[in-house]
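Throughout, a chain's letter reflects where its sequence line sits, starting with A, and its residues are numbered from 1.
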Number of protein chains: 2
Amino acid sequence: MQLYCYAVRMPRIVDHEERRQQIVFALWLVIAEQGIEGVSLRHVAAEAGVSMGRIQHYFGTKEALVLAGCTALVDSAYGGYLETADAAPRDRLLHVVSQQIPRDDGGRVGVSVWYAYVAKSINHTAVRQVLAEARRGAEEECVRLIRADRGAGAEDPAALDRARRLLALADGLTLRVLVRDLEPDEAVAMLEAEVDRI
Amino acid sequence: MQLYCYAVRMPRIVDHEERRQQIVFALWLVIAEQGIEGVSLRHVAAEAGVSMGRIQHYFGTKEALVLAGCTALVDSAYGGYLETADAAPRDRLLHVVSQQIPRDDGGRVGVSVWYAYVAKSINHTAVRQVLAEARRGAEEECVRLIRADRGAGAEDPAALDRARRLLALADGLTLRVLVRDLEPDEAVAMLEAEVDRI
DNA sequence: CGTTTTGCAATACGATCGCATCGTAACAGG
DNA sequence: CCTGTTACGATGCGATCGTATTGCAAAACG
């Protein structure tokens with residue numbers, strides 16, 4: 001029992017975090033292909049090309065694995081946002097609301113997984129909390145960006161309303177694109193128009 | 001093999017449709033409480049207070065039961081819309097987009113089930129087709145209502161765009177209310193404002 | 001060298017699953 | 001009455017599930 005096992009002794013050196021991410025990525029693929037119902041330790045292990053024992057070793061339980069996949073998804077989206085730090089507020093705002101629109105198969109995987117977690121969040125407390133926090137963060141960030149874009153101070157009470165409408169619209173449009181009722185370009189164009197109306 | 005078994009002979013008279021609806025209702029409850037993952041023939045049977053054999057008799061397979069639950073949900077929503085036939089176009093439009101906002105526990109069950117099916121539709125072809133048809137119907141109806149409300153003829157090209165934005169916004173807001181990030185009243189107010197802006 | 005700790009792979013177990021099968025009670029028609 | 005059909009309830013089966021357990025190879029430490 002020490003602060004970090006890395007600091008004192010570490011037999012059999014492996015990159016803990018890399019192993020975890022590799023498994024989480026396989027989890028995402030399974031969810032995207034078969035939905036969250038299709039997630040079993042055996043399926044994920046097969047997709048990742050590792051043994052079930054490894055997954056147990058790194059995540060302990062299926063529950064923990066699924067939850068780790070959720071937080072990893074949120075972290076990944078947040079990381080993508082941080083990369084836009086140099087852009088103008090208006091462009092950053094557009095990124096936040098349109099980043100989830102699936103433009104290719106890769107994006108489709110990501111947003112499929114995201115929607116799977118959204119549905120799970122209805123009945124699963126821990127997932128709901130993770131998504132709720134992410135949503136709150138996105139909302140606050142949108143409010144900040146809207147105010148920055150308009151050059152207004154913190155006294156703009158309509159910004160929250162605009163942010164909410166923008167984010168809700170983005171969610172609805174994302175769903176349409178996901179089920180192929182709408183083309184990605186059309187969705188992005190509608191979001192762009194909505195952003196510029198602010 | 002005859003047109004309707006009712007017409008010629010029917011030993012052991014039971015109301016076929018009533019039995020099916022009773023089971024479907026139990027299915028909805030299970031989905032609302034435990035998500036679609038929690039659906040098993042045994043759980044649904046227990047919730048309905050019937051035997052597994054009965055469910056098999058009326059639906060044959062789990063797959064068929066789940067799909068029947070989906071079409072029943074769509075039909076139920078459509079039935080609710082038909083009851084607004086006497087109202088003004090603007091009010092009917094508001095009904096279409098705000099009917100899904102959960103105001104009480106009953107509404108919450110319905111929309112939980114609806115979102116569960118939405119997530120399933122990503123990976124399930126038959127469910128996707130049912131929901132796609134319903135969405136198309138809703139979109140066309142919204143376009144009609146918008147044109148009727150503005151007194152415009154069929155020459156209004158912006159109506160489709162408005163309908164799409166309205167429906168997408170409704171979906172996004174519904175989700176917020178469902179996960180308790182937003183109050184039902186706020187969501188309805190936002191939709192009302194959006195309807196009146198048209 | 002040996003000891004200890006980590007990083008797994010393999011397997012075993014009990015629970016739960018969808019579904020097929022079988023038996024039977026209830027009723028209609030002859 | 002008898003026969004045929006429907007409407008189930010009950011049960012069993014093989015597959016799959018999550019997880020606990022066991023065992024061992026590899027590497028760090030002394």
**Report entry** Euclidean distance, atom CG of residue A:Leu65 to atom P of D:dC17 [Å, nearest integer]
**Finding:** 14 Å
Query raised in the report: Can you check whether B:His16 and B:Tyr58 have ring centres sitting under 6.0 Å from each other?
Result: yes
Query raised in the report: Does B:Val179 offer a backbone N or O that forms a donor-acceptor pair with the side chain of A:Arg128 under 3.5 Å?
Result: no
Query raised in the report: For the pair made of NZ in A:Lys62 and P in C:dT16, what is the distance, rounded to whole Å?
Result: 14 Å
Query - side-chain N/O A:Thr61 vs D:dT19 OP1/OP2, d < 4.0 Å - result: yes
Query raised in the report: OP1, OP2 of C:dG7 versus side-chain N and O of A:His57: anything below 4.0 Å?
Result: yes
Query raised in the report: What are the residues of residues 38-56 of chain A, sorted by number, that bring a heavy atom to within less than 4.0 Å of DNA chain D?
Result: A:Val39, A:Ser40, A:Leu41, A:Arg42, A:His43, A:Met52, A:Gln56
Query - Interatomic distance, A:Ile23 CD1 vs C:dG7 C1' [rounded to whole Å] - result: 12 Å
**Report entry** B:Arg92 side chain vs B:Thr84 backbone, donor-acceptor pair below 3.5 Å
**Finding:** yes
Query raised in the report: Is a side-chain N or O of B:Lys120 found less than 3.5 angstrom from the main chain of A:Glu37, in a donor-acceptor match?
Result: no
Requested in this report: Say whether, by atom type as modelled, one donor and one acceptor occur between the side chain of A:Trp28 and the main chain of A:Gly69 under 3.5 angstrom.
Outcome: yes
Query - Separation of D:dT19 P from A:Glu63 CD (nearest whole Å) - result: 8 Å
Query - Atom-pair distance (CZ on B:Phe59; P on D:dA7), nearest Å - result: 14 Å
